[in-house]
J.: 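One structure follows; several queries about it will come next.
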Protein chains: 2
Amino acid sequence: MNISALQKERANYQPKLPKSLKGAVKLVEGDKTESVADPKEIEKLFPNTYGMPLITFEQGDNGAQSAPVNVGVILSGGQAPGGHNVISGIFDGIKKIHSESKLYGFLGGPGGLVDHKYMELTAEIIDEYRNTGGFDIIGSGRTKLEEEAQFDKGLEIANDLNLNALVIIGGDDSNTNACVLAEYYAQKNTGVQVIGCPKTIDGDLKNEMIETSFGFDTATKVYSELIGNIQRDANSAKKYWHFIKLMGRSASHIGLECSLKTQPNITLISEEVAAKQQTLSEIVEYMAGAVSQRADNGENFGVALIPEGLIEFIPEMKILIAELNDLLAEGTESEKEFKMLRKSHRLEWVASHLTEDSAKVFKSLPSGIATQLTLDRDPHGNVQVSLIETEKLLGEMVKEKLGQLKKEGKFSGKFSTQYHFFGYEGRCAAPSNFDADYCYSLGYTASVLIAEGKTGYMASVRNLTAPAEEWVAGGVPVTMMMNMEKRHGHMKPVIQKALVELEGAPYKYFVSKRGEWALGTHYIYPGPIQYFGPTEVCDQPTETLKLEKA
Amino acid sequence: MNISALQKERANYQPKLPKSLKGAVKLVEGDKTESVADPKEIEKLFPNTYGMPLITFEQGDNGAQSAPVNVGVILSGGQAPGGHNVISGIFDGIKKIHSESKLYGFLGGPGGLVDHKYMELTAEIIDEYRNTGGFDIIGSGRTKLEEEAQFDKGLEIANDLNLNALVIIGGDDSNTNACVLAEYYAQKNTGVQVIGCPKTIDGDLKNEMIETSFGFDTATKVYSELIGNIQRDANSAKKYWHFIKLMGRSASHIGLECSLKTQPNITLISEEVAAKQQTLSEIVEYMAGAVSQRADNGENFGVALIPEGLIEFIPEMKILIAELNDLLAEGTESEKEFKMLRKSHRLEWVASHLTEDSAKVFKSLPSGIATQLTLDRDPHGNVQVSLIETEKLLGEMVKEKLGQLKKEGKFSGKFSTQYHFFGYEGRCAAPSNFDADYCYSLGYTASVLIAEGKTGYMASVRNLTAPAEEWVAGGVPVTMMMNMEKRHGHMKPVIQKALVELEGAPYKYFVSKRGEWALGTHYIYPGPIQYFGPTEVCDQPTETLKLEKA
């Protein structure tokens, strides 16, 4: 394999572990736990895995040699930096337990478990992937483990391979499913344990016990490097507004963290839009206001961060999208009628078939975006929100608004835009020291939970703003994070998604500063992730964590 | 100023200088020079600055204290990493000559000289910008210094400030103009010298004496970091083809360098397209062929690099664009007729007014792109090539081609695309160690050329694949790089633009490997620029330079 100079050097990096995991480990059980909401329903659904105690690891006296443990590992969903380190942490952990322990990787995500596609992960393979980005060691996939038939197929291979446990590395949904699987295997007395690991660059899998999901640190550092570079360009050329869309559908943690790191002029936070029931035109007015005020100071440039999922948080857009989904649902009479129309008549026809309010919103959209809403549909006939170029939508609407202001004599500047979308650039970056250490520790923690016979737990490493030595490792019952939510029309037990808290310290700090950042030019240029330099540069956790823990 | 941890640390970096510049400097003159072409015409146009000798600096015996020198510096054109280091190199250089030397920065590009907008660059200001990206210390601009009236305005301020010299940091055009200015000031015996510095991320200002333009190293490293991350994502998710457009209008050096660094499946080189007179459909066939062959191996993913300026190198597109520029030129009868038409009839009308060949090409384009060609026009009514989304054009045409192949039973894979455009992400990155050292050395070299009374020279630092200690500093007469070219209908003396040489080692190496890279998955993941680590990671020049010098 032809590898880069950096990758060669990074292969030698030894991720840091909390001191409790370095030698013999003592397991300390806390109080029994309750789910964050709906405890009765959750307990009923998880009779074997509900209410288990929190677990903390401490330094033990001596390490009694245990029997070998065999583990299967699964990468589920979108890539996040550090996945390979979770796996190498598990590997080193179970090898420490017993040199004959074995690790298997199921290929291409949860589907590999069901289809019995796997490979043994040997020391040689693991060594090739230490401290690297990506999920390419075994691949990932989006198959959802929800059916008993899948669980049974999984059990077959688990028995064939003589597995003690499965580790599922995934986001909130994958960990919910991991818990359902744990419960099913426990109920059937299969002896197969299931442990989860909190992964997602989106940062929306977190709570009191899971301080952050892995990958969030690295991904936001990559995006912030790019945002900083673009800010420096904006401030040098002084002629463009850069509208930058950032990946992350359901929460604005990425946008908020990047904003704290780089201090751009505008950052939209979806959760605020929803809470304040802001309309599209209010958002556009806010943005145009900032552009116009900067222009008054002679600064016809700026940078705006826009969360990918914004559009679904704008109440009127949510309603419009729902109406469009009904109107143009595949196979309906209305969809047939729509398709028969000449292209030039379609938008008008659509508007005339919406409610009055939605028609008004629809007509206010630039025609390119309106067309996108009627054309780009997923296989179920739904609007594909991820394909909507929200950054361009807002850019065009701000331009129009500024045109009005110009006519009214209220704007005399210039407004030229450049658009960017950052997502794939960060999901597979080589993990920062923080993520390399955190992921390795999570994997190692999972191996100890397995050796201790635990199931239905998520590996947890806390106290993350302290040096890695002092991190606190242990396990959290997945049921503790659950509540009941409506999904596809049915109430289901799911891990509560963590949105940006409008009462939280990171958001409050942002709000206290954003006025200053909008008008002044207070850009910070974080630069690229550094691996070898001074600790102030190389080993810092996210601003979000620092503010939450301050 | 709120600065990042990395910026704080980098402020302390002392850029490396060639050993010839570290103490007293001895100037060694080489033979008289000739222009690369059209020597008679060039000599006639530059009687005072033509034919001057090459200059090399060597270590001198002792440094006789000279008088103070006052210098004005100008940043011209697009940003490139390292501009601030050129300026700090000049500053340290002239301060070493005499502590009372002064450096002035003209604001917002060459326009600052004409409009007498400037600031003195003090030690305090310089220290804030050492080793940082961007041109924000004094701003840049695109005003062209071409008129004698501008030169005279410049002379006024030069005299007011008692300037010995101007240093113009720019690309090929700016350095051409610098030379015209040098000649004019020499001819008038003004005593104001003009020195150029070779800047551009595009890499197209280079020749035997200028091994590389500054900024190219850093920018291609940033793009390669992102390409590598995306490749790792592609290879993990295994479901997308990423089409990545890279900045750079007239040459494909960026694409070639990034390709050598990351080994993607497809890299298009504009110069090859032009040389082979490839048609759009031949390019699409080549790309679809690679997609289809990879699909046969079960790999429905890949990465393709596309140079921004490609479209202008495709002979048939060049002709089409020229015809469109005529047909839709502002104020013409045909343009009026076009504008009166309903949108839905415009494309057909345009096609019917083109030559047969161009009409065929025009009709083969996806309608979104065809529309873009008729609508997005610059103030002169010309097609804005930089706005054409070439990556989407190719993606859509490859998809169509694959659809045909599928019908013929020749393609049974999947083809989903993601599009990216990288440019602004790299132009203002903090300079790599290489660019930090190179730029600082260029600036320092300029100060020595000034102290030696030289004008019409470009600062030159060569032998760049050796350690910085052994770099060779000196000056190259700008006229030496010139030839006569037709610009806007007139023959003008200009610095020859360096395109990718199809006989050069970098391109030849690429060609020898690209078949393997297309079918296999030989991605390299360079990762982010490192400043503090081992020299193999932190101090490497570009692959292009290494191959050219091998």
Side-chain angles (χ1 to χ4, degrees), chain A residues 1-10 75 78-79 83 108 132-136 139-141 222 225-226 228-238 240 242 261 263 342-344 418 420-421 424-430 522 524-534 536-538 540, chain B residues 1-10 75 78-79 83 108 132-136 139-141 222 225-226 228-238 240 242 261 263 342-344 418 420-421 424-430 522 524-534 536-538 540:
Chain A
M1 198 157 64
N2 199 340
I3 67 173
S4 69
L6 177 61
Q7 198 174 325
K8 221 172 276 177
E9 284 294 330
R10 278 300 273 179
L75 291 164
Q79 281 78 250
T132 60
F135 279 7
D136 41 313
S140 184
V222 174
E225 172 197 357
L226 303 181
N229 287 356
I230 286 172
Q231 288 184 155
R232 196 125 213 179
D233 204 296
N235 193 26
S236 298
K238 297 189 190 292
Y240 289 121
H242 293 265
K261 279 193 164 90
Q263 303 186 173
R342 292 180 56 155
K343 283 186 182 166
S344 50
Q418 293 289 344
H420 312 266
F421 171 39
Y424 296 98
E425 291 78 359
R427 306 197 315 174
C428 284
H522 298 281
I524 295 179
Y525 314 118
I529 294 175
Q530 296 298 302
Y531 299 104
F532 306 104
E536 301 76 46
V537 176
C538 299
Q540 297 303 310
Chain B
M1 198 157 63
N2 199 340
I3 67 172
S4 69
L6 177 60
Q7 199 174 323
K8 219 172 277 175
E9 285 293 330
R10 277 300 274 178
L75 291 164
Q79 282 76 252
T132 60
F135 279 8
D136 42 312
S140 184
V222 174
E225 172 197 356
L226 303 181
N229 287 356
I230 286 172
Q231 287 183 155
R232 194 125 212 178
D233 204 298
N235 193 24
S236 298
K238 297 189 191 291
Y240 290 121
H242 293 266
K261 279 193 165 89
Q263 303 187 173
R342 293 182 55 156
K343 284 187 183 166
S344 50
Q418 294 288 344
H420 313 267
F421 171 38
Y424 296 98
E425 292 78 0
R427 307 196 316 173
C428 284
H522 297 281
I524 295 179
Y525 314 117
I529 292 175
Q530 296 297 303
Y531 299 105
F532 307 104
E536 301 76 46
V537 177
C538 298
Q540 296 304 309

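To find a chain, count down the sequence lines: A is the first, B the second, and so on, and within it residues start at 1.
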J.: Of the options B/R232, B/Q231, B/Q418, B/H242, which is the one that meets A/Y424 in a side-chain hydrogen bond (donor to acceptor under 3.5 Å, both in side chains)?
T.: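 Exactly one option meets the side-chain hydrogen bond (donor to acceptor under 3.5 Å, both in side chains) with A/Y424, and it is B/Q418.
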J.: Chain B heavy atoms under 4.5 Å from A/F421: which part of the residue, side chain, backbone, both or neither?
T.: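 When you check distances to chain B, no heavy atom of A/F421 falls under 4.5 Å.
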J.: Name the option with the most non-hydrogen atom pairs under 4.5 Å to chain A; the candidates are B/S344, B/A237, B/C538.
T.: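 Top option by heavy-atom pairs under 4.5 Å: B/A237.
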J.: Are any non-hydrogen side-chain atoms of B/L226 and A/L226 less than 4.5 angstrom apart?
T.: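 Yes, side chains in contact.
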J.: Which answer fits B/Q79, side chain, backbone, both or neither, if we ask what part of it has an atom under 4.5 Å from a heavy atom of chain A?
T.: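 Contact with chain A involves the side chain of B/Q79 alone.
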J.: Determine the option with the most heavy-atom pairs under 4.5 angstrom with chain A, choosing from B/A234, B/G133, B/G228.
T.: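 Among B/A234, B/G133, B/G228, the one with the most close pairs to chain A is B/G133.
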J.: In Å and rounded to the nearest 0.5 Å, what is the CZ to CG distance from A/R427 to B/N229?
T.: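 Rounded to the nearest 0.5 Å, the CZ-CG separation comes to 11.5 Å.
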J.: Heavy-atom distances under 4.5 Å only: say whether A/R10 touches chain B with side chain, backbone, both or neither.
T.: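 Neither part.
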J.: Could you check whether any side-chain N or O of A/Q263 sits under 3.5 Å from a backbone N or O of A/H522, counting only pairs where one atom can act as donor and the other as acceptor?
T.: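 Pair found, side chain donor or acceptor close to backbone of A/H522.
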J.: Between B/C428, B/A430, B/S4, who has the most heavy-atom pairs with chain A when the cutoff is under 4.5 Å?
T.: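 Top option by heavy-atom pairs under 4.5 Å: B/C428.
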J.: Tell me, side chain or backbone of A/E9 under 4.5 Å from chain B's heavy atoms, or both, or neither?
T.: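 Just its side chain gets close to chain B.
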J.: So which part of A/Q540 gets closer than 4.5 Å to some heavy atom of chain B, the side chain, the backbone, both or neither?
T.: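 Interface part for A/Q540: neither.
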J.: Going from CD on A/Q530 to CD on A/E225, what distance comes out if it is rounded to the nearest 0.5 angstrom?
T.: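 Here the rounded value is 9.0 Å.
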J.: For A/I524 and B/N2, which heavy atoms make the closest approach, and how far apart are they?
T.: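 So the two residues come closest at CG1-O, 3.4 Å.
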J.: I need the B/L6 CG to B/F532 CZ distance, nearest 0.5 Å.
T.: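 Taking CG in B/L6 and CZ in B/F532, the distance rounds to 5.5 Å.
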J.: Taking every heavy-atom pair that is under 4.5 Å apart, which of B/G108, B/G134, B/S140 has the most such pairs with chain A?
T.: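 Most pairs with chain A among the choices: B/G134.
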